[in-house]
2 protein chains.
Amino acid sequence: MSTQTPPPDATRDRILYSALRLFAEKGFQSTSVADIQREADVHAGSLYHFFPTKQHLLLAVLAAYRDGIVPMLLEPAWRGVEDPIARIFALLGAYRAALEASACTYGCPIGSLALELHEPDPPVRELLAVNFDGWVRHVEACLDAARDRLPPGLDRHQLAVFTLTTMEGAVMQARTHRSLHTFDASIASLHDYYQRLLATTDKGTTK
Amino acid sequence: MSTQTPPPDATRDRILYSALRLFAEKGFQSTSVADIQREADVHAGSLYHFFPTKQHLLLAVLAAYRDGIVPMLLEPAWRGVEDPIARIFALLGAYRAALEASACTYGCPIGSLALELHEPDPPVRELLAVNFDGWVRHVEACLDAARDRLPPGLDRHQLAVFTLTTMEGAVMQARTHRSLHTFDASIASLHDYYQRLLATTDKGTTK
DNA sequence: CCGAGACTTGAGTGATCGCTCAAGTCTTGT
DNA sequence: ACAAGACTTGAGCGATCACTCAAGTCTCGG
């Protein structure tokens, strides 16, 4: 019952991506539904035809992030980068570039929403967690690919979680200080940790 | 008439700490001035006599955090802990205890506010940054006290920033997952990093 | 005892919020 | 051609928001 013609849900998508952009720029609560209407150039009735409440809009935005992590984030960041460890730091570099391009204003939208919504309804919190888990899973896959260069007993899932932790904490401080200094310091420390982990097994091998 | 000793600003303090508690529990934007009036048991006119706008209230709360970090956070966390490295992880343990006591709801109020307010007015952002800087300075002092157990060329300020980064990122994930698993994983990784740093200089010594 | 300023009371302001809905227009299957 | 549903229009709703203010009460110096 859906249209296979070129514009499948042009209006719906326009609303969705306007909301995505505004939530990332101003936050969820500071974005009014009227803001989204204006940005998407639709009237109230159209918006509420597709999204019965503002929270449904938030859920759709979080689902878009979940589904867009590979094509919108990882593929661009990993283009031309093959080494799995290099890919992890290329991903962190993508966040740095986004911060730099926005004068340390744009950070990780998932992290912002996670801390902004203190008591999110269960489906919202679930989608936030799913987004974090997806990010961690992709980093963990890189670590798995480099498993023979890492210490044998290393908990790679734990290290992937730690990498997300570092990114989120570093982005938070960069936005607060409006400076990349603390971001770079954090990534440098994480990189030093990685180097020490990689050095552990380097001693026996001749690479 | 009830208090014989002149209470300098009993009402003002009651408003201030009601705001502090509510901002930490529900966030800044989700807390209405009416909520604070109710919690502090004052009427609108009294509140606005002391704090001309909601933002002035926020500034006062952030100043209270800045001034309260030693007596309210560090002294309790460090009671009975003398080793400077142990003090750092005791501090992280205090955040873990707060998360555990609140079912992973209460995190770092500064971090929450930092990400909730996307475009904070300059004085607000400044006070957020001051709070971060104070935290880092105290951790850095611990690292300085343990300098002879750390690698010679180590950038201790960078490591202190990285420690805050880890705490903030770990708290964010704990609140999102409503679980301490990712928090513990992050702290464990940070601890492993510290152990590797400490082990570097152990090789030469005979402890 | 008085006056002045500090503080409190509490009804009330306009603005903005998320959301509704009756009345359209457009698209689609038959 | 035509009915039915999908989508759009845009005025308007009640609730809540941060904030105001005139009229108090209280405290204290002189």
Side-chain angles (χ1 to χ4, degrees), chain A residues 1-23 25-62 113 116-121 123-124, chain B residues 1-23 25-62 113 116-121 123-124:
Chain A
M1 292 304 284
S2 61
T3 56
Q4 312 109 321
T5 49
D9 282 313
T11 305
R12 204 193 108 100
D13 284 356
R14 217 167 58 247
I15 296 167
L16 175 60
Y17 289 106
S18 296
L20 185 143
R21 209 191 64 76
L22 287 167
F23 289 168
E25 179 185 317
K26 321 199 316 173
F28 176 70
Q29 314 209 60
S30 295
T31 299
S32 71
V33 178
D35 288 336
I36 300 169
Q37 291 170 34
R38 203 175 308 116
E39 169 109 356
D41 196 31
V42 297
H43 296 265
S46 280
L47 189 148
Y48 283 98
H49 172 76
F50 292 106
F51 304 99
T53 71
K54 194 186 179 188
Q55 188 182 160
H56 282 85
L57 208 30
L58 174 60
L59 289 169
V61 165
L62 290 173
L113 290 169
E116 178 184 351
L117 309 167
H118 284 237
E119 281 164 3
D121 291 67
V124 172
Chain B
M1 286 308 215
S2 53
T3 55
Q4 33 192 325
T5 57
D9 286 312
T11 304
R12 204 193 107 100
D13 284 356
R14 216 167 58 246
I15 296 167
L16 176 59
Y17 288 106
S18 296
L20 185 143
R21 209 190 65 76
L22 287 167
F23 289 168
E25 178 185 317
K26 320 199 315 173
F28 176 71
Q29 315 209 60
S30 295
T31 299
S32 72
V33 178
D35 289 336
I36 300 169
Q37 291 169 34
R38 203 175 307 115
E39 170 109 355
D41 195 31
V42 297
H43 295 266
S46 280
L47 190 149
Y48 282 98
H49 172 74
F50 292 106
F51 304 99
T53 71
K54 194 186 179 187
Q55 188 184 160
H56 282 84
L57 209 30
L58 175 60
L59 289 168
V61 164
L62 290 173
L113 290 169
E116 178 185 350
L117 308 167
H118 283 238
E119 282 164 3
D121 291 68
V124 172

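Quick note on labels: first sequence line is chain A, next is B, and so on, each numbered from 1.
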Inset, instruction - May I have all residue pairs that pass ring pair (Phe, Tyr, Trp, His ring centres under 6.0 Å) and include part of residues 40-60 of chain A, sequence neighbours excluded? - result: none
Legend entry - Residues touching DNA chain D, which here means a heavy atom under 4.0 Å, drawn from residues 53-62 of chain B: B:Thr53, B:Lys54
To the nearest Å, give me how far apart [atom1] ([X]) and [atom2] ([N]) are.
{"X": "A:Leu22", "N": "C:dC17", "atom1": "CG", "atom2": "P", "value": "13 Å"}
{"X": "A:Asp9", "N": "C:dT27", "atom1": "CG", "atom2": "P", "value": "15 Å"}
{"X": "B:Phe28", "N": "D:dC17", "atom1": "CZ", "atom2": "C1'", "value": "12 Å"}

Inset, instruction - Please identify each residue that fulfils salt bridge (Lys or Arg N to Asp or Glu O under 4.0 Å) with B:Asp121, with sequence neighbours left out. - result: none
Inset, instruction - Applying side-chain contact (heavy atoms from CB on, under 4.5 Å), name anything that partners A:Leu59, two or more places apart in sequence or on another chain. - result: A:Pro123, A:Val124, A:Leu127
Legend entry - Counterpart residues, side-chain contact (heavy atoms from CB on, under 4.5 Å), relative to B:Glu119 (two or more places apart): none
Legend entry - Set of side chain to side chain donor-acceptor pair (under 3.5 Å) partners for A:Gln55, sequence neighbours left out: none
Inset, instruction - Name all residues meeting the side chain to side chain donor-acceptor pair (under 3.5 Å) criterion together with B:Asp35; count only those two or more places apart in sequence or in a different chain, and write none if there are none. - result: B:Lys26, B:Ser32, B:Arg38
Heteroatom pairs (N/O) under 3.5 angstrom, protein to nucleotides 8-10 of chain D:
{"residue": "D:dT8", "atom": "OP1", "partner": "A:Thr11", "partner atom": "OG1", "Å": "2.7"}
{"residue": "D:dT8", "atom": "OP2", "partner": "A:Ser46", "partner atom": "OG", "Å": "3.2"}
{"residue": "D:dT8", "atom": "O5'", "partner": "A:Ser46", "partner atom": "OG", "Å": "3.1"}
{"residue": "D:dG10", "atom": "OP2", "partner": "A:His43", "partner atom": "NE2", "Å": "3.2"}
{"residue": "D:dG10", "atom": "O6", "partner": "A:Gly45", "partner atom": "N", "Å": "2.8"}

Inset, instruction - Working to the nearest 0.5 Å, report the span between CG of A:Leu58 and CG of A:Leu62. - result: 4.5 Å
Legend entry - Residue pairs fulfilling salt bridge (charged side-chain N to carboxylate O under 4.0 Å, His left out) with at least one residue in residues 39-52 of chain B, sequence neighbours excluded: B:Arg21-B:Glu39
Inset, instruction - Begin from the C-alpha positions of A:Val61 and A:Phe28 and carry the test side-chain contact (heavy atoms from CB on, under 4.5 Å) through to its verdict. - result: CA-CA 11 Å; A:Val61 165; A:Phe28 176 70; over 6 Å; no
Inset, instruction - Specify the residues of residues 30-37 of chain B, ordered by number, for which at least one heavy atom lies under 4.0 angstrom from an atom of DNA chain C. - result: none
Legend entry - From CA spacing to verdict: side-chain contact (heavy atoms from CB on, under 4.5 Å), A:Gln29, B:Ser30: CA-CA 8 Å; A:Gln29 314 209 60; B:Ser30 295; 3.0 Å; yes
